[in-house]
Engineer: 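Here it is, the structure, as structure tokens.
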Amino acid sequence: MERIVILSGAGLSAESGLDTFRDAGKLWAQYRIEDVATPEAFARDPALVHRFYNMRRAQAASARPNPAHRALARLQADWPGEVTLVTQNVDGLLEAAGASPIHMHGALSRAICAACSYRWDAPAEMSPDDPCPACTAPATRPDIVWFGEMPHEMERILSAIHSCDLFAAIGTSGQVYPAAGFVEEARRSGAETAELNLTNSDMSRAFDAHITGPASNIVPAWVEALLQPKR
Ligand code: APR
């Protein structure tokens, strides 16, 4: 086995204190997606959308990587083949642990200008009147992929999935496409598939193997087993 692709979701960062979306009482129980996470919401009430992401940016800034982030960084560094980490998470905890993930849903730490597409490091607080540092238009938004928008780096991600030997999904509910379809893509390409999650998810049936438990326990153990020399 040489090439590994790992898709992660909010469950990876749950034990760092960051809320998931669909678990009971979590983010989508407190906010409506159509109020804070669509281009239409931003056009209607940019101040509300900025407040939501300013809050999440502050929470992410005070969170620390947990043993699951650190184990994935170790796997990426020590695996003799290639490990592509694809995350739906917009926090920077994988990077803080030393890993290099693809942020398919964007990053709280980045801003983008809706007028000229210039990108820069987001300030702690963004507001609708902020001018773009490149073109000065007051059209700045968080560099977050909202519902109805195309995730980042899809070509690179699909090419890694189509040539991988093992595809694993960690801490994701499998309710949001295109990420939810990656396991089927990987299966069609002949990869082994494994799901690591606190419980069974909507896409559990699509996986060959299941490891159940909190990410901070099961991910380090799984990585340890992968890195164990085979006899
Ligand atoms: N360890 C492992 N898994 C966990 C843990 C934990 N400690 N806590 C929760 N989980 C699992 C849940 O069982 C669930 O399957 O994490 C998953 C979280 O699912 P969601 O809240 O739906 O998060 P995610 O799959 O990342 O959402 C996908 O939806 O709203 C969007 O853009 C947002 O990127 C996000 C996308």
Side-chain angles (χ1 to χ4, degrees), residues 5-42 49 52-53 55-57 59-60 63-72 85-94 97 101-110 112 141-154 157 167-183 193-207 209-223:
V5 175
I6 298 170
L7 170 70
S8 57
L12 179 66
S13 297
E15 290 158 85
S16 294
L18 298 180
D19 273 353
T20 60
F21 296 93
R22 296 173 183 79
D23 294 315
K26 300 302 181 183
L27 280 171
W28 294 152
Q30 301 164 35
Y31 299 87
R32 285 164 16 116
I33 289 175
E34 50 276 42
D35 289 342
V36 295
T38 66
E40 294 77 17
F42 190 63
V49 175
F52 177 69
Y53 288 99
M55 171 201 77
R56 293 187 55 207
R57 189 177 299 110
Q59 289 169 346
R64 294 289 164 264
N66 68 51
H69 297 105
R70 289 196 288 274
L72 293 179
L85 296 176
V86 180
T87 190
Q88 298 166 92
N89 297 346
V90 294
D91 62 57
L93 294 179
L94 278 167
I102 299 174
H103 278 281
M104 65 177 292
H105 290 172
L108 288 164
S109 61
R110 300 285 286 166
I112 183 169
R141 52 170 277 185
D143 188 5
I144 298 287
V145 177
W146 286 324
F147 285 87
E149 296 183 321
M150 180 60 87
H152 296 330
E153 304 209 51
M154 281 303 292
I157 294 169
F167 173 82
I170 301 176
T172 178
S173 62
Q175 293 196 30
V176 175
Y177 283 83
F182 290 172
V183 60
T193 57
E195 181 182 54
L196 290 84
N197 200 306
L198 195 56
T199 59
N200 281 346
S201 77
D202 282 3
M203 56 177 186
S204 290
R205 264 174 295 141
F207 289 87
H210 302 90
I211 303 175
T212 308
S216 68
N217 288 349
I218 60 177
V219 176
W222 177 70
V223 165

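This structure is a prediction, so every number in the text was calculated from the model and none was measured. First listed ligand is number 1; within each ligand, the first listed atom is number 1. Worth knowing before you read on, the calculation uses all heavy atoms, side chains too, and leaves out hydrogens, waters and symmetry mates.
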Engineer: Kindly give the heavy-atom pair with the smallest separation between Val176 and His105, and that separation in Å.
Structural biologist: CG1-CE1, 4.3 Å

Engineer: Are Asn66 and Ser216 close enough, and set up right, to give a side chain to side chain donor-acceptor pair (under 3.5 Å), and what steps lead you there?
Structural biologist: CA-CA 6 Å; Asn66 68 51; Ser216 68; 5.6 Å; no

Engineer: If the plane angle is over 60° it's perpendicular, under 30° parallel, otherwise tilted; pick one for Phe182 and Phe167.
Structural biologist: perpendicular

Engineer: Can you list the residues that meet the salt bridge (charged side-chain N to carboxylate O under 4.0 Å, His left out) rule with Arg70, with sequence neighbours excluded?
Structural biologist: none

Engineer: Side chain to side chain donor-acceptor pair (under 3.5 Å) between His152 and Asp143: does it pass, once the steps are laid out?
Structural biologist: CA-CA 10 Å; His152 296 330; Asp143 188 5; 3.2 Å; yes

Engineer: Using a strict cut-off of under 4.0 Å between a residue heavy atom and any atom of ligand 1, list the qualifying protein residues by chain and number.
Structural biologist: Gly9, Ala10, Gly11, Ala14, Glu15, Thr20, Phe21, Arg22, Asp23, Trp28, Gln88, His105, Phe147, Gly171, Thr172, Ser173, Val176, Asn197, Leu198, Thr199, Gly213, Pro214, Ala215

Engineer: Looking at Val49 and Val36, what are the two nearest heavy atoms and their distance?
Structural biologist: CG1-O, 3.7 Å

